[in-house]
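Report on the following structure.
Residue numbers start from 1 in every chain, and the chains themselves are labelled A, B, ... in the order their sequence lines are given, proteins ahead of strands. The basis for the numbers below is simple: all heavy atoms, side chains too, and nothing from hydrogens, waters or symmetry mates. Please read all numbers here as calculations on a predicted model, not as lab measurements.
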Protein chains: 2
Amino acid sequence: MTDLRETELVLDPKYDAAGLITAVVTDGAGALLMVAHMNAEALAATQASGEAHFFSRSRQRLWKKGETSGNVLRVVELRIDCDQDALWVIADPAGPACHTGEPSCFYRRVEGGSLVRLP
Amino acid sequence: MTDLRETELVLDPKYDAAGLITAVVTDGAGALLMVAHMNAEALAATQASGEAHFFSRSRQRLWKKGETSGNVLRVVELRIDCDQDALWVIADPAGPACHTGEPSCFYRRVEGGSLVRLP
């Protein structure tokens, strides 16, 4: 069964039961910076402003990345996947993308049941 | 509040209510190939075999990527994010990662309300 979402050239995000779609952020060089979620409002704000907005599940509100830290993510390109349930935000980060101060949230490698902090 | 998941070097995935964690797959060059989900069994199978396994939400079962197509994803490196609710699978794909035959599921750019197929 072919889903029209896969072939048509119309943006039609497949939001989950909570109204969210996964948003994966990389920089232009392909480093994975963070994974978050957008609702329709966050996607519209991202498109209108050119800066990444998300929906915070813990705070249950719209959230502009960098709104307090200043580490905004300027959107270079936005892509969507085959079944339109995930967005790829290619971004130019103004500073560390992770709230821990690391450039990327993915600062640890998984080795069996242990994690190894990357240099 | 510092979550111990952010600082400790112990793998402790924060599965959601459905027992799943988001898994983002890129190739070694940083191209985003696909986004899927793993449960504990899929993560264990991925670590044991060195090939990416996921949990299919539509079929509600463990699924080895490429089990029918042959387009397996050999795991080069596995990373986890700050709060341990997302995995980054850096993989060497044996063929197109998308079921549509595209190398990546992200074959369309979002332009306003339209999608543009990438060359």
Pairs of donor and acceptor atoms involving the side chains of residues 85-94 of chain B, under 3.5 Å and at least two apart or interchain, shall be tabulated with distances.
{"from": "Asp85(B)", "atom 1": "OD2", "to": "Arg57(A)", "atom 2": "NH2", "distance (Å)": "3.4"}
{"from": "Trp88(B)", "atom 1": "NE1", "to": "Thr26(B)", "atom 2": "OG1", "distance (Å)": "2.8"}
{"from": "Asp92(B)", "atom 1": "OD2", "to": "Arg74(B)", "atom 2": "NH2", "distance (Å)": "3.4"}

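- Residue pairs meeting the salt bridge (Lys or Arg N to Asp or Glu O under 4.0 Å) criterion with at least one partner in residues 27-51 of chain B, sequence neighbours excluded, are Glu51(B)-Lys64(B).
- Both Val75(A) and Val25(A) belong to a single network of hydrophobic side chains, linked directly or stepwise wherever heavy atoms of I, L, V, M, F, W or Y lie under 4.5 Å apart.
- Heavy-atom pairs under 4.5 Å with chain A were tallied for Leu43(B), Leu78(B), Val35(B); the largest tally goes to Leu78(B).
- Using a 4.5 Å cut-off between non-hydrogen atoms, the part of residues 10-23 of chain B that approaches chain A consists of Val10(B), Leu11(B), Thr22(B).
- Contacts between Ala48(B) and chain A at a heavy-atom distance below 4.5 Å are absent for every atom of the residue.
- Under the 4.5 Å side-chain heavy-atom criterion for ILVMFWY residues, a single connected hydrophobic cluster contains both Phe106(B) and Val24(A).
- Residues Met38(B) and Leu73(B) share a single hydrophobic cluster, defined by chaining ILVMFWY side chains whose heavy atoms lie under 4.5 Å apart.
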Which pairs would a plain distance check flag for residues 108-119 of chain A, meaning a side-chain donor or acceptor within less than 3.5 Å of a matching protein atom at least two apart in sequence or in another chain?
{"from": "Arg108(A)", "atom 1": "NH1", "to": "Arg5(B)", "atom 2": "O", "distance (Å)": "2.7"}
{"from": "Arg108(A)", "atom 1": "NH1", "to": "Glu6(B)", "atom 2": "O", "distance (Å)": "3.2"}
{"from": "Arg108(A)", "atom 1": "NH1", "to": "Glu8(B)", "atom 2": "O", "distance (Å)": "3.0"}
{"from": "Arg108(A)", "atom 1": "NH2", "to": "Arg5(B)", "atom 2": "O", "distance (Å)": "2.9"}
{"from": "Arg108(A)", "atom 1": "NH2", "to": "Asp81(B)", "atom 2": "O", "distance (Å)": "3.1"}
{"from": "Arg108(A)", "atom 1": "NH2", "to": "Cys82(B)", "atom 2": "O", "distance (Å)": "2.9"}
{"from": "Arg109(A)", "atom 1": "NE", "to": "Glu111(A)", "atom 2": "OE2", "distance (Å)": "2.7"}
{"from": "Arg109(A)", "atom 1": "NH2", "to": "Glu111(A)", "atom 2": "OE2", "distance (Å)": "3.4"}
{"from": "Arg117(A)", "atom 1": "NH1", "to": "Glu102(A)", "atom 2": "OE2", "distance (Å)": "2.8"}

